[in-house]
Protein chains: 2
Amino acid sequence: MSHTLGVRQAKKQKTRQALLDAALGLLEEQSLSSLGLREVTRAVGVAPTAFYRHFQSTADLGVALVEEALGSLHPMIAGTVSAAGDGDERIDRAVDLIARHVREYPAHIRFVARERNGGVQKVRAAIAEQLDRFTGEVKAELAKHPESAGWSDDDLLMLAGLYVDQMLMTACNFLEAPAEEQDQVARVATRRMRLISIGSRHWLG
Amino acid sequence: MSHTLGVRQAKKQKTRQALLDAALGLLEEQSLSSLGLREVTRAVGVAPTAFYRHFQSTADLGVALVEEALGSLHPMIAGTVSAAGDGDERIDRAVDLIARHVREYPAHIRFVARERNGGVQKVRAAIAEQLDRFTGEVKAELAKHPESAGWSDDDLLMLAGLYVDQMLMTACNFLEAPAEEQDQVARVATRRMRLISIGSRHWLG
DNA sequence: CCATGCAGTTAACAACTGTTCTCCGTAAGA
DNA sequence: TCTTACGGAGAACAGTTGTTAACTGCATGG
């Protein structure tokens, strides 16, 4: 087990997390490339220069946020594909999992959706890498199911990517939709994934 | 026919276009919410105050860019779905059309992809509106084909949205991929759309 | 218990931002 | 031809930005 880190490092990680949280909050109404270092420290209530003790640029902060945001997204994606039940039942469960996750960590998925094609190269690369990892995991999960017997690795990866992209877009739609339209978003997302699932069942032959 | 607009208005629209072009160029390496008014005018070689003669904020400039970027995207989407030939042939032609369009207007699609979930509300709304319009057109085109007989309006709209999103993501993948991987992007995109097409053929019943 | 190291502060820097006001030249319309 | 309207220039404004330097207080390890 890890040593109980000293009071010193504990305080440091505390303000570091405060910086990350404040940044995530500010990023709900702007993109990373316009996020100022002073803006973040001001929101935390700390001197601007303290920022450099933790990150050497806002781009670095962004990369750290990618870890945090997609780290929380990780178990969701795993649960999405490995859910039990038959095809349609699994899809319903997956969409529900996505909706629940969006309600719990809205800022996380907003950040990922926004910066996936955002203006900061390093952050884009970090997101792409993590998303590729997810796609690989989904592919592995897909390979376990009997329905995908005889599939080539390439085709499995293609299907996994399709699902991952679909999940992210669905999450984004949940985010943008007002409360009274959430059900409709869920219905459309379900039908989309069902169509993909049908397509995959008739892919071979 | 429209009157030949005077020398005055011609000059005005010329610098207006110069502002749009310069902004589009600058936006390849940052997002709209960090684009400065002075930055744009400096790139054009015009006084900062001249900006206000054309737009009242960079957000307004962004909305104008949406019109331009998705205006150029319009014929492509139309051609994508209405292409002749059988299913697989149509898909190949569509992917090729997308690749060609990306090579011709890279900045346009980069802008749309980046600001679709970007930090500027008005621009996001403008993009969403235009994309919805496109989805409607694709749906109308889909309805003409005999394969979609018996489909409900809702399902047609769902499928059209799936295709539109897929096109945009494909375009984005072309943009990010280096020259030697373009073929692979095309192959994956083709297989994705083929799977969707297969799914749509088995959707009913 | 004391010396060292480090998180955080304060002050200052040049550079940059959006915006306003005043002015200039000239195309447009009478 | 004369007046007006308008695209654009110029200067100035208060406020902001990232970054540096030297400083302070305190937890840490010997």
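The chains referred to below are lettered A, B, ... by the order of the sequence lines, with proteins before strands, and numbering in each begins at 1.
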Heavy-atom distance under 4.5 Å between the side chains of B:D153 and B:K139, does that happen here? yes

Between B:L35 and A:G45, whichever has its closest DNA chain C nucleotide further toward 5' is A:G45

Mind running side-chain contact (heavy atoms from CB on, under 4.5 Å) on A:L27 and A:R110 for me, showing each step along the way? CA-CA 9 Å; A:L27 284 174; A:R110 171 135 38 200; over 6 Å; no

Which nucleotide sits closest to the side chain of B:R53: D:dT17, D:dG18, D:dG7? D:dG7

Separation of B:Y52 atom OH from D:dA9 atom P, in whole Å? 15 Å

Taking C:dG8, C:dA28, C:dC6 as options, the one with an atom nearest any side-chain atom of B:R8 is C:dA28

Value in whole Å for how far the P atom of D:dT19 lies from CD of A:Q56: 9 Å

Can you tell whether the side chains of B:D183 and B:R187 come within less than 4.0 Å, N to carboxylate O? no

Taking donor-acceptor contacts at under 3.5 Å, does the side chain of B:R38 reach the base of C:dG18? yes

Between D:dT19 atom C1' and A:H54 atom NE2, what is the distance in whole Å? 17 Å

Can you list, in residue-number order, the parts of residues 9-31 of chain B that come under 4.0 Å of DNA chain C, counting heavy atoms only? none

Taking A:E137 first and then A:R133, would you say they form a salt bridge - that is, a charged N and a carboxylate O separated by under 4.0 Å? no

Is any NZ, NE, NH1 or NH2 atom of the basic residue among A:D165 and B:R192 found under 4.0 Å from an Asp or Glu carboxylate oxygen of the other? yes

Side chains of B:V40 and B:L26: does their closest heavy-atom pair fall under 4.5 Å? yes

Kindly point out which of D:dG8, C:dT20, C:dG8 is positioned nearest to the side chain of B:A50? D:dG8

Find the distance B:F55:CZ to C:dT19:C1' and express it as a whole number of Å. 18 Å

Taking atom types as they are modelled, is there a donor-acceptor pair under 3.5 Å from the base of C:dT10 to the side chain of A:T49? yes

Between A:R42 and D:dT17, is there a side-chain N or O to OP1/OP2 distance below 4.0 Å? yes

Mind checking whether A:Y105 and A:H101 have parallel, tilted or perpendicular rings, split at 30° and 60°? tilted

Which whole-number value in Å describes the distance from B:L37 CG to D:dT16 C1'? 15 Å

